[in-house]
Amino acid sequence: MIVAVSGMDSLGERAAKMREALQKSQTITDNVVTILGSFDSRLSVLETAMRPTQIRTHAIRKAHENIDKTLKAAEVILTQFDASRQAEAKILKGPHEDLESYLEAINQLRSNIRFFSGNKGFKSSDAVINNANTLLTKAISKLEDEFKQLLALYSKPVEPDRLFECLPESMRPSSESPGNQFSGKNHHHEHQNGTSEIGGFKHLTLIPPRILPLLHDLALQMVQAGNQQQLLRIYRDTRSSVLEESLRKLGVEKLSKEDVQRMQWEVLEAKIGNWIHFMRIAVKVLFVGERRVCDQIFEGFDTLLDQCFAECTTGSVSMLLSFGDAIARSKRSPEKLFVLLDMYEIMRELHSEVEGVFGGKACKEIRESTFGLTKRLAQTAQETFGDFEEAVEKDATKTAVLDGTVHPLTSYVINYVKFLFDYQTTLKQLFQEFESSGETNSQLANVTMRIMQALQTNLDGKSKQYRDPALTHLFLMNNIHYMVRSVRRSEAKDLLGDDWVQRHRRVVQQHANQYKRNGWSKILQCLSTQGLTSSGGGGSAVPGEGGSGSGASRGLIKDRSNQFTLFSFRFHIHIFF
């Protein structure tokens with residue numbers, strides 16, 4: 001019991017102490033709250049007192065920032081003014097002495113204009129911009145003059161020898177030829193032999209490579225200034241005259257149809273041969289060189305590039321095509337067929353180069369006129385075929401072949417046909433111009449057969465000029481045999497076929513049989529005694545037997561003997577022709 005009371009007393013003491021501690025803690029807390037409230041009041045008062053100072057400090061800082069910005073802006077403006085003065089000094093000095101520095105000055109002026117256009121708040125901006133624009137206009141005008149002078153200085157007509165040096169060796173004119181000109185004959189064979197060297201064309205340098213970048217920079221400035229038309233006019237006027245003069249030096253002439261028709265054939269044939277070479281030189285050397293010049297000067301301006309090239313080459317192309325067009329439109333004749341094929345052949349050869357060099361919309365008219373000439377040459381050549389066929393059939397030459405051998409017309413036509421086969425590839429291309437079937441071999445065979453048939457028809461007519469039937473058959477036998485033998489020995493056999501050959505060999509044999517029949521009839525008639533007796537009586541007409549008709553009979557026997565010898569000789573000579 002005593003122990004329990006003692007424990008209760010101890011617990012009460014502890015509770016009393018805890019109450020005392022809590023009271024002291026509350027008192028301290030209240031005191032701290034009071035002190036903190038006092039600090040808050042004091043801080044509010046202090047903050048109120050510091051606010052004016054803070055405002056002044058912020059204003060001072062803002063003022064310093066504004067001053068710094070103003071100074072920097074002023075520095076930029078002063079720099080622009082300084083650069084503008086330097087640019088003006090260089091521009092007034094002109095581009096001739098230091099073109100690179102002059103171009104830098106123009107770029108600086110453009111930069112100044114952009115700067116002041118974006119800073120309209122500056123009260124002198126408009127005045128500065130107006131002054132810079134005026135100066136820029138003068139600068140571009142001087143650049144135009146510089147471009148024109150520089151281009152003219154290095155634009156000289158090309159001498160023929162320089163053009164010839166760009167050709168493969170086999171295509172160059174012989175140094176022994178008159179005037180160092182090309183031969184107008186055998187072009188077809190020259191072309192065939194020279195095809196392996198087509199890739200051997202050398203580049204022609206029309207303007208020194210070191211000048212082209214300068215011209216490009218000048219052109220760039222003019223384009224940026226909006227002076228494309230002035231640039232186009234300068235380039236066209238300068239380069240077109242140079243190209244045309246280069247062609248004139250080479251020997252190119254602008255001829256009309258009437259000029260062509262007045263020429264002697266030998267002169268015209270030589271000119272056609274030269275023109276074929278001129279076309280190759282112009283397209284593969286001269287115009288390719290001009291295209292490279294345009295590509296470098298107008299790099300980055302494709303539309304302007306094509307237009308400049310088109311306008312500076314139009315006159316030169318027209319010079320070249322005028323002669324070809326005059327030939328295509330002039331009066332047709334058989335001897336012109338092969339030169340027409342030569343001309344058509346070179347136009348076909350140059351087709352891909354024309355498409356490449358004269359690409360682009362601006363060159364469309366040049367391409368069309370060039371390809372149009374190709375079509376006209378093909379059309380004229382095809383019409384000449386028809387003319388030749390008709391001329392052979394209706395040939396009315398009075399050249400007489402008294403002994404029934406080969407007529408000149410036959411050898412002429414056969415040689416003509418054989419020469420056609422040197423142009424097989426060209427003829428196939430020509431037929432394709434008008435036919436889509438692709439059966440070019442059969443077309444060539446049909447043309448050849450029609451010509452041979454026309455010849456045979458004409459020979460039939462000429463054979464009727466002979467009063468002696470034997471000579472008629474001899475004439476047809478020899479001429480048709482000549483045709484068959486020539487075909488068998490040429491490429492015509494592959495086109496006409498064995499059937500044609502065999503059929504005409506049978507015709508030859510038929511005429512040979514008729515000739516033998518008529519020939520032996522004449523010989524037997526000479527050996528006959530009929531007509532050798534005298535009409536005045538029964539006296540013998542045999543020599544040495546006397547009689548009143550002996551003189552006449554001797555003469556008749558002599559005539560028949562001569563006829564026998566003549567018929568025998570003619571028969572044995574011509575039957576095996």
Side-chain angles (χ1 to χ4, degrees), residues 151-187 190-191 193-209 211-212 235-236 238-255 270-297 308-310 312-324 342-343 345-347 349-354 356-358 363 366 370 373:
L151 186 65
L153 179 63
Y154 291 99
S155 293
K156 303 297 179 186
V158 185
E159 294 298 325
D161 286 346
R162 284 190 59 211
L163 294 171
F164 299 155
E165 288 170 2
C166 296
L167 299 175
E169 192 70 35
S170 65
M171 293 186 182
R172 297 177 188 178
S174 170
S175 57
E176 291 83 14
S177 61
N180 207 33
Q181 290 296 289
F182 300 93
S183 169
K185 298 180 180 180
N186 299 324
H187 155 70
E190 289 177 14
H191 167 62
N193 294 334
T195 51
S196 62
E197 293 190 62
I198 292 300
F201 287 86
K202 298 176 183 176
H203 284 179
L204 175 67
T205 301
L206 294 174
I207 294 179
I211 302 300
L212 293 173
Y235 190 88
R236 178 196 63 211
T238 304
R239 293 300 303 165
S240 62
S241 59
V242 168
L243 292 175
E244 289 174 29
E245 183 60 26
S246 298
L247 290 178
R248 277 191 286 269
K249 282 177 171 285
L250 185 62
V252 177
E253 302 174 88
K254 193 166 187 176
L255 300 173
K271 286 185 179 295
I272 290 172
N274 285 333
W275 179 85
I276 289 167
H277 291 285
F278 296 159
M279 282 296 300
R280 185 181 287 115
I281 291 171
V283 173
K284 294 194 174 188
V285 177
L286 188 61
F287 295 149
V288 167
E290 185 64 29
R291 185 73 191 199
R292 282 197 299 272
V293 169
C294 280
D295 287 346
Q296 293 179 67
I297 292 178
C308 281
F309 181 71
C312 78
T313 54
T314 295
S316 300
V317 173
S318 177
M319 279 180 65
L320 285 161
L321 299 186
S322 68
F323 180 78
D342 285 339
M343 294 171 75
E345 188 176 69
I346 189 62
M347 297 303 294
E349 177 190 322
L350 298 175
H351 188 97
S352 59
E353 278 88 353
V354 169
V357 175
F358 295 96
C363 295
I366 293 177
T370 304
L373 174 58

Spacing of CG belonging to D342 relative to CD1 belonging to I276, to within rounding of 0.5 Å
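Going from CG on D342 over to CD1 on I276, the span is 4.5 Å.
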
Can you tell me how far apart CG (L206) and CZ (R239) are? Round to the nearest 0.5 Å.
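Rounded to the nearest 0.5 Å, the CG-CZ separation comes out at 5.5 Å.
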
Minimum-distance pair of heavy atoms, taken over all atoms of [X] and [Y]:
{"X": "V357", "Y": "F287", "result": "CG1-O, 3.9 Å"}
{"X": "S318", "Y": "K254", "result": "OG-NZ, 3.5 Å"}
{"X": "V158", "Y": "S246", "result": "N-OG, 2.8 Å"}
{"X": "L320", "Y": "M279", "result": "CB-SD, 3.7 Å"}
{"X": "G200", "Y": "P168", "result": "C-CG, 4.0 Å"}
{"X": "S316", "Y": "L243", "result": "OG-CB, 3.3 Å"}

For the residue pair F323 and W275, does the interplanar ring angle fall in the parallel (under 30°), tilted (30 to 60°) or perpendicular (over 60°) class?
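It falls in the tilted class, 30° to 60°.
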
Does any N or O in the side chain of R172 come within less than 3.5 Å of the main-chain N or O of E165, such that one atom is a donor and the other an acceptor?
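Pair found, side chain donor or acceptor close to backbone of E165.
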
Can you list the residues that meet the salt bridge (Lys or Arg N to Asp or Glu O under 4.0 Å) rule with R248, with sequence neighbours excluded?
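R248 satisfies salt bridge (Lys or Arg N to Asp or Glu O under 4.0 Å) with E245 once adjacent residues are dropped.
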
Apply ring pair (Phe, Tyr, Trp, His ring centres under 6.0 Å) to residues F309 and F358 and explain how you reach the verdict.
CA-CA 8 Å; F309 181 71; F358 295 96; 5.2 Å; yes

Tell me whether E349 is salt-bridged to R280, with the criterion being a basic N under 4.0 Å from an acidic carboxylate O.
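Salt bridge present between E349 and R280.
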
